[in-house]
Amino acid sequence: MRIVVLAGGIGGARFLRGLKQAAPDAEITVIGNTGDDIHLFGLKVCPDLDTVMYTLGGGINEEQGWGRTDESFAVKEELAAYGVGPEWFGLGDRDFATHIVRTQMLGAGYPLSAVTEALCARWQPGVRLLPMSDDRVETHVAIEVDGERRAVHFQEYWVKLRASVDAKAVVPVGAETAKPAPGVLEAIAGADVILFPPSNPVVSVGTILAVPGIREAVVAAGAPVVGLSPIVGDAPVRGMADKVLAAVGVESTAAAVALHYGAELVDGWLVDTVDAGAAAEVEAAGIACRAVPLMMTDVDATAAMAREALALAEEVRG
Ligand code: FO1
């Protein structure tokens, strides 16, 4: 079975770990969000690709959900001693090595997709990890401070400001001219099942779908598309998805996110059992909906979620 997953960072990576357990023989292609990418200290950092790679490769800091296990911060401290920031972004020494290798390869002319493949040769994530695009896309968030509107990089909004101010707009800068990375459209067209994990629907899955050709390929794919709600009990399971959902005029409810994707895009939608009451509204919109436990408390619980998603895909295949 060929499964394609459109994944963001922590939620996507943890879901993939469960999916691998649920479908050990499947050929899984992950299309990773690169809108969160940031250039720091002359290095290209790809948080979501790295989070998937480290999580599936056994190198992730489990408590944080991002960055490396057994990490130290000597380089960051030395940079700070020179007065060189930003101090608000936690790049560890081990993690730095990944960004150095990536930047060196990009400088030598390799596209991000080839660089990601090379990095995965070390981590052996057990999935084919593709960036959504080899072209630069950077998500910016419009905010208002003291009556003045300005745009900040997504990481500044997320990590420095902790989404403490309202997002007025979310713009994947560069997406409109970006091309899907090699293999992305082919993987979608050849998939037996396409899954949207409980990743952020705006800045993760939404950014991937903003690359011209990707949304169209998902809509045109013969495979059933099933999503898992990142909202449980009217609040994001993790992170601050409510802030960016509000920016696109979507309520933070399991049903509203399903309707935001729409029946054109998703055939099936899983909500948590606490949101069972939302199923009727989702079904009325033409999307098959089931209520199952959606908390990724451990790998077994996550694998059970993945099995439910695959079962719903089978059901809607018709
Ligand atoms: N998240 C934080 O909350 N604080 C950090 O300092 C931070 C650093 C960081 C470094 C590398 C990396 O791959 C991820 C990092 N993240 C950090 C996570 C990241 O900001 C976001 O969670 C994702 O971009 C959203 O998917």
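Counting starts at 1 for both ligands and their atoms, in listed order. Along the sequence shown, the residues carry numbers beginning at 1.
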Enquirer: Is the shortest side-chain N to carboxylate O distance from D50 to R68 below 4.0 Å?
Expert: no
Enquirer: Atom 3 (O) of ligand 1: which of E87, K76, M240, R162 has the nearest heavy atom?
Expert: R162
Enquirer: If the cut-off is 4.0 Å to any non-hydrogen atom of L91, which atoms of ligand 1 fall inside it?
Expert: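 So the answer, numbered in order with elements, is 10 (C), 11 (C).
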Enquirer: What's the shortest distance from atom 19 (C) of ligand 1 to any protein heavy atom, and which residue and atom give it?
Expert: Q155 OE1, 3.6 Å
Enquirer: Report yes if some N/O of F89 lies less than 3.5 Å from some N/O of ligand 1; otherwise report no.
Expert: no
Enquirer: Check whether any N or O atom of D36, backbone or side chain, sits under 3.5 Å from an N or O atom of ligand 1, and answer yes or no.
Expert: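 The answer is yes, given that D36 and ligand 1 share an N or O pair closer than 3.5 Å.
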Enquirer: Taking D272 for its side chain and P293 for its backbone only, find out whether a donor-acceptor pair lies under 3.5 Å.
Expert: no
Enquirer: Looking only at non-hydrogen atoms, which of P47, G8, G35 approaches atom 13 (O) of ligand 1 most closely?
Expert: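 The nearest heavy atom belongs to P47.
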Enquirer: Should D48 be counted as touching ligand 1, given the test is an N or O pair under 3.5 Å?
Expert: yes
Enquirer: With no hydrogens and no angle check, do the side chains of Y54 and D95 hold a donor and an acceptor under 3.5 Å apart?
Expert: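 A donor-acceptor contact under 3.5 Å links the two side chains.
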Enquirer: Closer than 3.5 angstrom, by distance alone: can the side chain of D48 be matched with the main-chain N or O of T34 as a donor-acceptor pair?
Expert: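 Looks like no, no N/O pair under 3.5 Å.
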Enquirer: Determine, using heavy atoms of W88 and all atoms of ligand 1, whether some pair is separated by less than 4.0 Å.
Expert: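 W88 counts as a contact of ligand 1 under the 4.0 Å cut-off.
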Enquirer: Select one of side chain, backbone, both or neither to describe which atoms of W66 lie under 4.0 Å from any atom of ligand 1, heavy atoms only.
Expert: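 Answer for W66: side chain.
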